[in-house]
There are 2 protein chains.
Amino acid sequence: MPDRPGSVLQASMIRLVRRGAWAHAGRLLEKTHPADIAQVLERLTPADRKAVFDLIRSDAERAEVLAMVEFAAWTELVGELAPEVIGRILQHMSPDDAALLLRELPRDEADEVLLAMGELADDVESLLGYAEDTAGAIMTPDFFALDEGLPVKTAIERLQAAGEREASFYVYVVDAGEHLVGVLSLRQLIMQPPDKRLRDFMSSDPIRVTTDADQEEVSRIVARYDLLAVPVVDNANRLVGVVTVDDVIDVMREEATEDILKMVGTTVEETSAPGPVRGAWIRFPWLAVAFAGSVGGIYLLSEFEGVLQKTLQISFFLPTVLAMGGNVASQCAMVVVRGLATGRLELTAVSRILGRELGIALLLSLTFAAALFVAGSFMSFGAPGLPQVVALGLFSSMMIAAALGTLLPLGFTRLGIDPAVASGPFITTSIDVLGILSFFTIAWLLL
Amino acid sequence: MPDRPGSVLQASMIRLVRRGAWAHAGRLLEKTHPADIAQVLERLTPADRKAVFDLIRSDAERAEVLAMVEFAAWTELVGELAPEVIGRILQHMSPDDAALLLRELPRDEADEVLLAMGELADDVESLLGYAEDTAGAIMTPDFFALDEGLPVKTAIERLQAAGEREASFYVYVVDAGEHLVGVLSLRQLIMQPPDKRLRDFMSSDPIRVTTDADQEEVSRIVARYDLLAVPVVDNANRLVGVVTVDDVIDVMREEATEDILKMVGTTVEETSAPGPVRGAWIRFPWLAVAFAGSVGGIYLLSEFEGVLQKTLQISFFLPTVLAMGGNVASQCAMVVVRGLATGRLELTAVSRILGRELGIALLLSLTFAAALFVAGSFMSFGAPGLPQVVALGLFSSMMIAAALGTLLPLGFTRLGIDPAVASGPFITTSIDVLGILSFFTIAWLLL
């Protein structure tokens with residue numbers, strides 16, 4: 001098997017679809033890993049995607065593919081199917097994946113699908129009871145738990161008798177009241193003499209999360225302790241589910257993309273390439289905030305008309321002063337936003353973070369102000385005093401930018417607003433306004 | 001155990017360290033999970049970090065903590081220790097973690113450490129032979145492989161006799177020449193009758209990677225196929241190691257942070273908060289490129305002095321025209337960069353990607369140009385024709401920005417240059433220059 005099976009397969013599939021060779025495409029699908037089919041689907045146009053998905057014959061295979069497709073493509077693929085058909089497909093899916101999918105459907109359609117699933121709907125319905133993006137919502141209720149008093153021999157028999165479970169590399173140990181008391185790896189189990197009781201060699205007090213833990217927190221815990229799965233308990237410490245590492249990886253991928261995109265005012269929805277109208281609609285609010293601020297900048301500039309009339313050349317330097325401010329601010333903001341997201345920076349250490357960023361900004365501002373002084377001396381366009389003014393203007397713009405780029409994300413976080421979303425347009429805008437103000441005040445004073 | 005053990009512990013530890021209560025701090029460390037110690041270390045100041053690390057008594061515990069600390073903090077923690085001491089610590093570390101750490105040390109110091117490690121150095125040295133950031137460099141050579149002809153009974157005995165291995169949830173199956181032919185989960189193994197041979201029920205042709213596969217590719221494969229570990233083979237398909245999912249998670253976290261930070265011209269090194277001089281040095285090149293471009297913009301603007309002298313008010317609108325261009329470009333660039341990184345966008349689909357981005361930009365440009373026309377009509381400051389000029393200028397600046405924001409990342413990728421690194425300053429700069437050019441050409445033609 002080659003390292004990149006996806007790309008070859010994808011090329012063949014796209015060729016077959018373009019030629020309309022559906023029978024041939026169907027045969028190719030039968031030989032393909034569901035994960036590879038999912039990847040190909042994500043890369044096709046919406047119409048082709050639907051056509052290829054419909055080529056998959058068995059419900060079990062459809063379920064596997066759906067479970068591996070990115071969230072955004074789910075509703076599109078099943079959207080036009082009858083609730084009974086979706087229900088039949090979901091019967092082959094693990095309850096956690098089925099629940100995630102159902103969350104994306106309109107409420108009444110989801111209810112019809114659940115009805116069609118029969119008794120298999122129970123597990124899924126209980127997961128739907130937990131809030132989105134919590135451990136409860138992404139856990140599987142399909143784990144393996146044994147009583148602490150069992151001997152190894154019986155434990156292995158139980159394991160052999162049970163069907164395939166999702167999280168079967170750990171065996172969780174519970175007491176008579178279903179409370180989580182320990183964990184064992186399969187390996188530890190087979191290493192022990194047949195009569196030894198689980199409670200005598202299990203790892204007690206395992207790392208766990210409660211059903212309401214945020215999924216980002218769950219993924220941080222799995223990553224920090226190098227776990228393959230983390231048990232989920234209710235408020236009474238009763239074991240109710242398990243979050244496996246593959247779900248954690250999905251969370252991490254989704255969150256990383258989300259973090260990056262929301263900093264420029266767009267969303268993960270964009271990665272499924274919706275049409276231009278939808279795309280423009282997603283990006284509009286962020287741009288609108290930035291636009292409103294910059295219209296304020298126009299008015300502000302007009303107030304300095306006198307300065308400009310006296311020394312027109314100052315306007316040549318305005319884009320440089322504002323752009324460098326924006327650049328410095330985005331560096332500070334990204335370091336802070338990412339630091340907060342990974343838990344490396346602490347909200348309480350504001351003065352330390354700010355001190356560091358201002359220290360860096362001071363060195364950079366002095367350097368570039370000096371460079372602009374030199375450039376301005378060659379290009380002063382006959383305006384005396386201009387090199388000093390533009391150098392000072394650049395310096396103050398960069399320092400203001402560093403302070404804003406650092407403080408705005410910290411401030412938004414403290415207010416409970418996602419710093420990645422809010423920082424972008426506010427930083428852009430306030431730097432333009434404050435940069436203009438400081439630059440022209442300096443010009444007004446010195447020229 | 002609470003969900004967030006780190007924060008409480010961290011508060012206590014910082015308090016003890018501030019008070020200089022070292023004995024008390026040492027006792028607290030003994031009761032703490034290595035992963036939690038690692039996290040606390042990352043959040044302390046460099047001096048405190050070193051002091052707390054030195055409080056950890058046993059080499060084994062130090063090894064565990066070091067293996068869990070972020071890469072950037074490694075060299076700082078071990079930097080001042082004698083090579084023999086480092087060697088003694090590394091003896092307790094898995095070979096892949098030890099190799100990753102040694103890669104960060106200067107070459108001759110690493111050699112001395114290896115010498116101090118004795119025969120345990122062999123595994124580490126062989127890993128050091130692989131290029132950085134490849135499967136070979138992050139795999140553990142400490143896996144469990146059995147011959148395909150063995151019966152289940154013997155396989156379980158071998159497993160029980162072997163010591164603890166890192167990747168022990170899968171059993172890899174090899175032929176007489178050590179070639180990878182299959183894989184089994186421990187669960188599959190204990191489900192089978194004692195006399196059955198491994199080759200008769202193993203999953204054959206398992207998903208694998210070669211030693212030279214890029215670590216990002218490895219993490220994509222583990223994520224796509226929901227694996228707990230992926231076997232690594234040499235060019236002759238001989239099994240030489242295993243990459244486990246916890247290493248993949250480390251790669252993913254590192255890459256996500258890296259992707260975000262390099263877009264604004266800084267690096268993961270920054271997340272360990274180096275001093276201001278180092279911080280400024282890291283951020284300087286990116287800003288320097290942007291600065292150089294914007295000095296070009298100053299010259300360009302001076303060429304349009306005539307237009308400005310005739311209608312000074314046009315300069316009031318320049319920041320808006322350039323800022324909106326920059327915003328649109330960063331949205332396009334992030335969507336493209338992230339799409340390429342996650343494999344959602346394909347380099348070959350340039351015309352489709354560009355078409356979509358230009359479609360979105362068209363809608364947004366028309367909207368904001370209309371808004372600026374209206375704003376300009378109220379604030380034309382007595383300059384006839386100004387609203388038309390600024391609206392057209394904004395429209396062209398935004399359209400140019402969308403095209404550049406989309407094409408530059410795609411072009412850099414095709415040239416083999418990381419689009420996240422290169423796009424930022426080039427986009428900023430070229431939008432300033434082209435925005436000025438188009439805006440003032442329009443003004444020159446219409447006013």
Side-chain angles (χ1 to χ4, degrees), chain A residues 1 3 35 43 160 168-169 186-187 191 205 209 213 223-226 228 245-246 249 252 256-257 260-261 264 266 270-271 276 279-280 283 287 290-291 294-295 297-298 301-302 308 312 315-317 319-320 322-323 327 330-331 334-335 338 342 344 346 356 359-360 363-364 368 375 381 432, chain B residues 1 3 35 43 160 168-169 186-187 191 205 207 209 213 223-226 228 245-246 249 252 256-257 260-261 264 266 270-271 276 279-280 283 287 290-291 294-295 297-298 301-302 308 312 315-317 319-320 322-323 327 330-331 334-335 338-339 342 344 359-360 363-364 368 375 381 432:
Chain A
M1 146 158 243
D3 284 352
R43 293 181 179 185
Q160 288 169 333
S168 58
F169 24 87
L186 270 190
R187 188 151 195 297
M191 302 275 295
D205 199 23
V209 295
R224 186 176 338 137
Y225 299 102
D226 287 349
L228 298 177
V245 72
D246 55 300
I249 286 182
M252 289 177 61
T257 301
I260 291 179
L261 293 180
V264 292
T266 178
E270 274 247 34
T271 56
R283 297 185 196 179
L287 290 175
F291 180 77
S294 83
V295 169
I298 297 171
L301 267 172
S302 73
L308 277 166
L312 175 67
S315 66
F316 304 164
F317 292 84
T320 303
L322 298 183
N327 289 333
S330 65
Q331 290 186 330
M334 292 272 192
V335 168
R338 199 59 202 159
T342 57
R344 298 273 194 99
E346 272 219 289
R356 179 170 181 272
I360 293 176
L363 292 169
L364 291 168
F368 287 107
F381 312 108
D432 273 7
Chain B
M1 145 156 241
D3 284 350
R43 294 181 178 184
Q160 288 169 332
S168 57
F169 24 86
L186 271 189
R187 185 148 200 297
M191 302 275 295
D205 198 22
I207 291 162
V209 296
R224 187 180 333 142
Y225 299 102
D226 287 350
L228 298 176
V245 72
D246 54 300
I249 286 183
M252 288 177 61
T257 302
I260 291 178
L261 293 180
V264 291
T266 179
E270 274 246 32
T271 56
R283 297 184 195 181
L287 290 175
F291 180 76
S294 82
V295 169
I298 298 171
L301 266 173
S302 72
L308 278 166
L312 175 67
S315 65
F316 303 163
F317 293 83
T320 304
L322 299 183
N327 288 335
S330 64
Q331 292 186 326
M334 292 273 193
V335 168
R338 198 59 202 161
T342 56
R344 296 279 192 96
I360 293 175
L363 293 170
L364 292 169
F368 288 107
F381 314 108
D432 273 7

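A, B, ... follow the sequence lines: proteins, then strands. Residue 1 opens every chain. In what follows, every heavy atom counts, from backbone to side chain, and hydrogens, waters and symmetry copies are set aside.
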Name the option with the most non-hydrogen atom pairs under 4.5 Å to chain A; the candidates are B:M191, B:M252, B:Q331.
->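 Option with the greatest count: B:Q331.
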
Between B:T266, B:L308, B:L301, the one whose heavy-atom pairs under 4.5 Å with chain A are most numerous =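 The option with the most such pairs is B:L301.
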
Would you indicate whether the side-chain heavy atoms of A:R283 and B:V335 approach each other to under 4.5 Å?
-> yes

In terms of heavy-atom pairs under 4.5 Å with chain B, which of A:S330, A:G297, A:G359, A:A375 leads?
-> A:S330

Give the member of A:S302, A:P319, A:A223, A:S294 that has the highest number of heavy-atom pairs under 4.5 Å with chain B.
-> A:S302

Of all heavy-atom pairs between B:D432 and A:A323, which one has the smallest distance, and what is that distance?
-> OD2-CB, 3.4 Å

Which heavy-atom pair separates B:G279 from A:R356 by the least distance, and what is that distance?
->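 Minimum heavy-atom contact is CA-NH2, 4.2 Å.
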
For [X], which atoms come within 4.5 Å of any heavy atom of chain B: side chain, backbone, both, or neither?
X      : result
A:N327 : both
A:I298 : both
A:L322 : side chain

Does a donor on one side chain and an acceptor on the other come within less than 3.5 Å for A:S315 and B:S315?
->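 The answer is no; no qualifying pair exists.
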
With only heavy atoms counted, which part of [X] is less than 4.5 Å from chain A, the side chain, the backbone, both or neither?
X      : value
B:L363 : side chain
B:L312 : side chain
B:V245 : side chain
B:D226 : both

If you round to the nearest 0.5 Å, how far is CG of A:L287 from CZ of B:F368?
->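 Between atom CZ of B:F368 and atom CG of A:L287 there are 5.0 Å.
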
